[in-house]
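The chains referred to below are lettered A, B, ... by the order of the sequence lines, with proteins before strands, and numbering in each begins at 1.
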Amino acid sequence: VEILFAFFLAGYFMLSGFDVGVGMLLPLLAQGVRSPGANPTGNEDSRRLVLATIAPFFLSNEVWLVATLGLASGAYPAREAALFGRVTPAVVALIIGWIVRDMGLWLRGRLDSSRWRLACDTAIVAGSWTIAVSWGAAVGVLLGGGLAMILPIVAYCCAFAAHGAVFATLRLPQPPLFLSRRLAQGLLPITTLVMVGLALLAVSRLPGGAVSGHSTQTLLIAVTVSALPLMLAAQAWVWWTFRARVEGPSYL
Amino acid sequence: LALARWMFALTAGTHFLFVALTLGLATLVAIMETRARDPIGQQLVRFWGHLYVINYAVGIVTGLLMEFQFGLAWPGLTDRAGSVFGAPLAMETLVAFFVESTFLGLWIFGWDRLGRRAHLAVIWIVTLCAYLSAYFILVANGFLKHPVGYVMSGGQVEVKSFTALFTNPAALLPMVHVIAGAFLVAGFMVGGVSVYHLRRDPDSPLFKRSLRYGLVAMAAAIIPSVGFGVPQLDYVHWQTHPGWWVDTALYVMLGSWIVMAFVVFLALYVPGSRRLLIYAIPLPYIAVIAGWVFRETGRQPWLIYGVLRTSDAVRPGSLLVPFIAVISLFVVLVALNVTLLARHARRGYDQPALGVLPDYVPTF
């Protein structure tokens with residue numbers, strides 16, 4: 001179960017790191033990106049195009065975290081309860097950031113007004129930063145807290161942002177102003193490794209706790225492992241379908 | 001305790017309202033897409049698929065809050081009974097929700113990239129996973145009402161028989177009841193919105209067809225909803241712990257059912273009365289929320305009936321700040337959902353957002 005737990009959290013950091021990072025850097029990435037055929041001064045359209053790089057993926061990325069949480073609550077009920085005591089503020093901030101960002105993403109295209117879209121874009125950027133900061137803060141608290149928390153916060157924010165920038169560079173029709181495609185290709189394995197490393201760091205700092213009954217654990221492992229091929233196949237299908245570079249705006 | 005209880009009641013109740021529409025509408029959209037062989041049929045899928053996605057997106061975030069709330073406010077539940085209660089919840093997120101959301105992304109964004117058959121298969125998988133989700137949640141919930149297949153060891157509730165846990169009648173009976181309820185919610189929504197459009201444009205072939213879907217869904221669900229409701233009354237334990245609100249909720253549910261049955265009957269046999277359907281959209285929602293209140297408060301003061309008291313499961317200390325934060329967030333979410341659904345439902349089908357990108361001009 002410990003292995004599955006680390007696996008899902010690493011999956012979340014690796015994949016959702018892309019969309020959180022893109023969200024954090026949204027205004028920056030939109031500079032210099034022109035939506036084909038769109039109004040050349042329309043920053044709104046540029047941002048929409050940047051969002052199209054993550055649009056088909058962010059839902060199937062964040063389910064990795066939901067799965068991690070589900071596994072945690074089934075397998076380590078006591079740990080979950082104990083954890084919430086200490087990192088409650090960070091967890092609450094994470095949820096709020098997550099909700100605000102997702103609402104911004106989902107509902108951005110649903111009303112036809114510039115002010116609405118600006119509000120949604122602000123929600124996306126603020127929510128994405130909140131997510132990255134909350135992860136840093138949560139690990140910081142687990143590492144001891146105090147002033148030393150600043151280091152993990154900065155580290156997690158940088159890692160998320162870099163991971164997102166690399167992803168957007170590879171998927172946009174033209175690379176953004178500050179990063180070339182070739183460099184991004186070289187950086188991708190590095191940022192991926194860093195994200196997985198940060199996920200494992202978070203797992204390793206979790207407090208121990210009573211595990212649930214043996215039979216529950218066995219059942220959970222059996223169900224998860226047998227469902228895993230279907231889950232991975234679904235994910236692979238998504239990535240295969242949307243493997244091409246973004247050409248135009250999407251549903252969001 | 002009061003705050004934690006209100007927070008849970010309000011959030012879970014709201015989440016359930018989103019879920020009811022999601023479950024019913026997903027099925028209807030899947031059926032519509034199966035039968036969409038002409039352009040009108042495809043437009044119909046786009047129109048309702050669009051409303052379904054809005055509701056799903058807002059519904060997900062209410063679900064996220066639910067998931068966190070168990071650990072945040074009710075540590076006693078996971079501490080004492082995590083082995084039993086956590087197992088179906090974990091399976092829900094791992095198996096059902098994970099696959100459902102992954103495929104839903106594929107359905108929304110893959111409109112022009114997948115073949116017709118692949119796209120159709122995807123929406124059916126999404127729908128089946130939604131049912132699987134509902135089943136796992138009801139297994140967890142059924143255990144609270146009618147604990148089966150467990151042993152107590154050292155103050156901990158441990159699983160003795162998974163077969164008993166997963167075939168709990170307190171989970172299987174409400175499953176059908178909830179599905180029927182979801183069909184009523186979706187049927188009234190589809191029917192009401194269709195009638196609204198038909199009043200302006202009586203010859204719209206799209207909304208004529210849409211109205212038929214709504215009427216069939218209502219007619220199919222109205223009898224099973226009460227038929228599978230009555231046998232569960234024993235598991236709610238309301239006779240042993242009566243409180244005025246428990247009885248009131250039961251009467252509200254039954255009352256709105258009678259009105260719904262009447263409206264469905266009229267709509268089927270007296271076409272002139274169909275205008276009522278526009279105003280009847282909230283009726284199944286009222287029934288669903290009343291049913292939920294009846295079911296969840298009937299077992300109080302027990303959280304797990306006869307095993308764990310609600311007051312022993314709550315996190316000690318003040319929950320005022322999270323309470324205010326969560327409740328205001330939910331008010332905003334509900335308001336957003338209602339506004340957007342109403343706006344997009346009213347706008348008609350000439351501006352479909354799913355799968356079509358009218359403002360995209362390729363230059364490569």
Side-chain angles (χ1 to χ4, degrees), chain A residues 8 36-38 45 55-60 62-64 66-67 69-78 80-85 88 91-92 95-96 98-99 102-103 106-107 109-111 173 210 212-213 215-216 219-220 223-224 227 230-231 234-235 237-238 241-242 247-251, chain B residues 53-54 57-58 60-61 64-65 67-68 70-72 75 78-79 81-87 89-95 97-99 101-106 108-111 113-114 125 153 156 158-159 162 315 322 325 329 333 336 340 343-344 353-355 357 359-364:
Chain A
F8 281 111
D45 293 318
F57 302 112
F58 79 96
L59 180 60
S60 54
E62 64 195 22
V63 295
W64 286 81
V66 180
L69 289 170
L71 195 64
S73 62
Y76 308 101
E80 205 198 14
L83 187 66
F84 270 108
T88 302
V91 174
V92 171
I95 308 168
I96 293 176
W98 188 355
I99 291 176
D102 271 25
M103 286 296 91
W106 280 116
L107 305 180
R110 302 289 75 86
L111 287 182
S212 61
S215 52
T216 307
L219 179 81
L220 271 180
V223 169
T224 312
L230 177 66
M231 296 160 74
Q235 290 271 326
W237 196 7
V238 169
T241 307
F242 304 107
E247 291 174 346
S250 79
Y251 175 69
Chain B
V53 168
I54 293 176
V58 186
I60 289 182
V61 295
L64 287 179
L65 277 168
E67 171 115 15
F68 279 103
F70 289 117
L72 195 63
T78 38
D79 260 354
S83 295
V84 183
F85 187 72
L89 282 189
M91 287 181 206
E92 193 267 336
T93 55
L94 276 165
V95 185
F97 180 71
F98 192 98
V99 179
S101 287
T102 306
F103 276 108
L104 185 67
L106 200 57
I108 298 171
F109 298 101
W111 212 288
R113 287 174 201 259
L114 298 176
I125 297 173
S153 73
Q156 291 275 327
E158 297 287 352
V159 182
F162 279 109
R315 178 180 294 283
L329 203 60
L333 290 176
L336 260 180
L340 288 172
R343 193 177 276 247
H344 284 266
L354 276 172
L357 303 168
D359 51 356
Y360 165 51
V361 186
T363 53
F364 295 98

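- Contacts between Trp98(A) and chain B at a heavy-atom distance below 4.5 Å involve the side chain alone, from C-beta outward.
- Heavy atoms only, all atoms of each residue included: Leu220(A) and Ala90(B) are closest at CD2-CB, 3.6 Å.
- Contact of Ile125(B) with chain A is not made at all, since no heavy-atom distance falls under 4.5 Å.
- Only the side chain of Phe103(B) comes within less than 4.5 Å of a heavy atom in chain A; its backbone stays farther off.
- For a residue to count as touching a neighbouring chain, one of its non-hydrogen atoms must lie under 4.5 Å from one of that chain's; by this rule Leu340(B) touches chain A with the side chain only.
- By the 4.5 Å heavy-atom criterion applied to side chains, Phe97(B) and Val63(A) are counted as neighbours.
- Of the two parts of Met231(A), the backbone and the side chain both hold a non-hydrogen atom closer than 4.5 Å to a non-hydrogen atom of chain B.
- Neither the backbone nor the side chain of Phe57(A) comes within contact range of chain B; no heavy atom of the residue lies under 4.5 Å from a heavy atom of that chain.
- Here the straight-line distance linking atom CG of Leu69(A) with atom CG of Leu64(B) works out to 8.5 Å at 0.5 Å rounding.
- Leu104(B) CG to Leu59(A) CG: the interatomic distance, rounded to the nearest 0.5 Å, is 6.0 Å.
- Between Phe98(B) and Thr224(A) there is no side-chain heavy-atom pair separated by less than 4.5 Å.
- Rounding to the nearest 0.5 angstrom, the gap separating the CD1 atom in Ile99(A) from the CG atom in Leu333(B) is 6.5 Å.
- Heavy atoms of Ala67(A) lying under 4.5 Å from chain B belong to its backbone as well as its side chain.
- Nearest heavy atoms, Arg110(A) versus His344(B): O-NE2, 2.8 Å.
- Taking CE from Met103(A) and CD1 from Ile60(B), the interatomic distance works out to 7.5 Å, rounded to the nearest 0.5 Å.
- Minimum interatomic distance between Val95(B) and Ala227(A) (heavy atoms only, all atoms of both residues): CG2-CB, 3.9 Å.
- Partner of Trp106(A) under the side-chain contact (heavy atoms from CB on, under 4.5 Å) criterion, out of Ile54(B), Ile108(B), Val61(B): Ile108(B) alone.
- With a threshold of 4.5 angstrom between heavy atoms, Leu329(B) approaches chain A through side-chain atoms but not through N, CA, C or O.
- Remark: Phe8(A) CZ to Leu94(B) CG distance equals 5.0 Å, nearest 0.5 Å.
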